[in-house]
Amino acid sequence: MPPVQFWKPGTAAPGSSVDRASEAEGSLAATSSRAANLSIDAQRQRLPIYKHRQKLLWCVERYKVMIVVGQTGCGKSTQIPQYLHEAGWTSENMVVACTQPRRVAATSVATRVAEEVGSVLGDEVGYTIRFEDLSSPARTRIKYLTDGMLFRECMTDPLLSKYSVIMIDEAHERGAYTDLLLGLLKKIMKKRPELRVIISSATIDAQDFLEYFNSNADSADRSKDDAIIVSLEGRMFPVEVCYLKEPCQDYAEAAVQTVFDIHLREPAGDVLVFLTGREEIDQVIQTLSDRLQTLPRGSLKMLPLPLYATLPPEEQMIIFDPSPRDTRKVIFSTNIAEASVTIDGIKYVVDCGFVKMKTFNPRTCMDVLTTTPSSLASANQRAGRAGRTSAGKCFRLYPASFLPTRNRHSPMPITTPPELTRSDISLYLLQLKALGIDNLAKFDFMSPPPSEMMARALEFLFCLKAIDEEGKLTSPFGRRMAEVPLDPMMAAILLNSQELKCGEEILTIAAMTQNAFNMSSGGMKETMSDLERRKFTAEEGDHLTLLNAYNAFVRYGQKDKSWCGNHRINHKALSRAMSIRKQLKKFLDRFGIKVESCAGDAKRLRRCLVSGYFKNAARMMPDGTFKSAREGATLYVHPSSVMFTRQPSTGWVIYHEVIETTKSFMRDLTVIEEDWLVELAPHFYTFKGGNLKKH
DNA sequence: GAGCACTGC
């Protein structure tokens with residue numbers, strides 16, 4: 001077969017520059033490669049970022065907000081907090097905070113920095129993530145934490161008064177809590193002019209952050225600006241970017257072809273291929289493997305490997321094994337390799353130009369998971385993965401003319417839409433209300449969520465009785481809902497469990513629905529439908545099945561990994577469920593909510609579930625499909641549900657969520673009775689002429 | 001009859 005035709009732009013095309021990447025991993029890489037006989041201080045001074053130390057400190061003095069643009073491994077997240085610490089920003093018991101979007105990043109950066117500072121982790125340098133607080137209120141001066149954790153701290157300390165500087169790392173990812181924090185920080189800075197904020201971002205959106213933070217300043221007078229951009233030039237290895245000459249019909253086929261071309265024409269070095277999902281990856285690896293025997297005799301061998309989040313951890317680790325002799329590793333990955341997982345030694349990147357993204361449709365109240373063109377920012381990030389250890393090459397499986405510019409419209413966006421503009425935001429609005437922000441229309445979102453999403457979310461919070469007619473948080477119900485780390489529906493169910501006397505069981509169900517999808521251990525094929533054969537199945541549906549599985553685990557599996565294996569129970573996921581349950585129980589204790597057992601009365605449990613899930617009700621049709629009570633949309637049972645192979649005796653179910661992929665699939669179902677809907681949610685449903693109606 | 005991108009409290 002002829003090689004795929006690529007075009008190399010003569011001049012630097014937009015997108016050929018390589019931006020940042022997650023720095024946490026970069027710092028860890030530095031740990032292994034550093035010269036053993038250099039003192040820690042000497043090593044730190046050799047980092048390229050050290051040249052910018054004075055400039056950085058000066059900008060923090062002069063400006064309220066500093067936007068730092070820098071590349072992978074330049075030491076932003078490890079060095080800047082230390083510079084601030086050394087320069088006195090942590091005197092008088094003040095703390096420098098640095099947020100990370102992911103737990104592993106927070107712990108690994110903190111570990112590295114503690115080592116550099118010469119502190120025991122949890123002393124001068126510490127971290128806080130859910131379930132793990134390795135920090136000391138009296139002694140910790142540099143604190144790493146997940147952005148969600150810092151957001152939560154606002155509930156007890158609305159001005160974040162113990163922090164002198166707050167650094168928001170990886171802000172360009174625009175996660176929900178990052179955006180919420182940006183809005184809060186902007187508000188806090190008005191009341192605390194001495195507070196300093198550092199935003200670490202990618203070149204592509206630094207200007208957006210600048211405009212956001214300078215929007216209140218006098219635009220004619222730059223000397224009054226609050227914010228400034230600081231670029232830490234430190235170059236990475238160059239990455240040469242190539243594009244297809246013509247658009248391709250089938251990027252999976254083009255990816256296989258390109259991998260073969262690289263393998264036969266390019267010097268040694270591993271390949272990272274970005275695709276969109278598990279099924280696609282497995283299929284491409286199959287196609288590639290089938291063609292391996294067409295390789296000329298004596299050529300380098302090829303080792304294709306998959307990488308996606310639902311792959312069991314042991315199989316994920318295989319990608320880090322060094323390539324066998326005379327073998328080229330080719331890793332086929334989802335977006336997980338874009339920021340969360342860093343693989344060293346990648347010299348070639350193949351980018352299909354697409355990504356699977358979840359967007360919330362406020363009209364149908366459904367999440368839609370679709371394959372869409374990935375952004376230019378994401379393309380830059382993917383390309384950067386080829387230049388971590390040496391110069392690399394990136395092959396984009398689309399023509400250069402597809403790239404967006406300020407003037408050229410393209411299906412490919414410049415940046416990925418922020419999470420807050422494409423999610424069900426009821427949880428976030430509830431939490432903002434709990435922070436005393438009643439007028440959400442006036443909250444300064446960097447990217448305001450569409451007004452229909454705001455309206456839907458508020459309407460829903462009202463139906464759950466979290467807010468009143470005026471939009472004020474109800475007390476104590478709404479306030480407590482906001483405090484519990486659960487989605488609003490499950491939070492309401494948990495709080496309602498006192499009245500229905502089933503707290504023991506609801507605690508377990510709430511903990512299990514948080515990570516139910518990772519329950520099985522044998523890869524994706526083993527899901528709820530497999531559990532069914534493992535004796536945990538409850539006729540009443542998935543929630544009770546989860547309860548049975550948890551109870552069996554506590555009794556037999558907790559200390560017996562072979563029992564877990566035999567029963568297809570993921571030990572890690574269930575242990576996590578135990579932690580979540582314990583944490584939730586503490587909230588109920590603090591609220592003074594009595595936790596009782598329903599003592600086997602499943603009806604009470606199911607009624608309690610209806611008290612929160614009432615919005616998500618569906619009725620079975622004669623053809624076996626379901627119709628939603630709310631919109632009359634056609635729904636299907638997800639194959640991972642125990643209800644996939646049975647029919648609800650009453651004809652009615654409630655479900656945790658719908659996700660639209662090839663069809664609209666309901667996940668986590670429980671069989672209910674129609675009457676309960678009217679009885680437990682009279683504000684939402686009535687009977688009219690013998691039929692259930694939504695108000 | 002047949003399927004989930006990735007995080008986080």
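These numbers were taken from a predicted model, which means no experiment stands behind them. Lettering follows sequence order; numbering is per chain, from 1.
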**Prompt:** If you measure from the ring centre of A:F644 to the centre of the six-membered ring in the base of B:dA2, is it under 5.5 Å, with the planes under 30° apart?
**Reply:** no
Which part of the nucleic acid does [X] contact within heavy-atom distance under 4.0 Å: base, sugar-phosphate only, or nothing?
X	answer
A:I580	nothing
A:I336	sugar-phosphate
A:F665	sugar-phosphate

**Contacts of type salt bridge (charged side-chain N to carboxylate O under 4.0 Å, His left out), residue A:K143, not counting sequence neighbours** = A:E153
**Message:** On the nucleotide B:dT7, are OP1 or OP2 found under 4.0 Å from the side-chain N or O atoms that A:T146 carries?
**Reply:** no
Got a sec, which residues hit side chain to side chain donor-acceptor pair (under 3.5 Å) with [X], two or more places apart in sequence or on another chain?
X	result
A:E315	none
A:E280	A:Y251, A:T276
A:E540	none
A:D205	A:S201

**Item:** Any donor-acceptor N or O pair under 3.5 Å, side chains A:Y308, A:D282
**Value:** yes
**Asked** What parts of residues 654-663 of chain A reach DNA chain B, counting only heavy atoms under 4.0 Å away?
**Response**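 The answer is A:T661, A:T662, A:K663.
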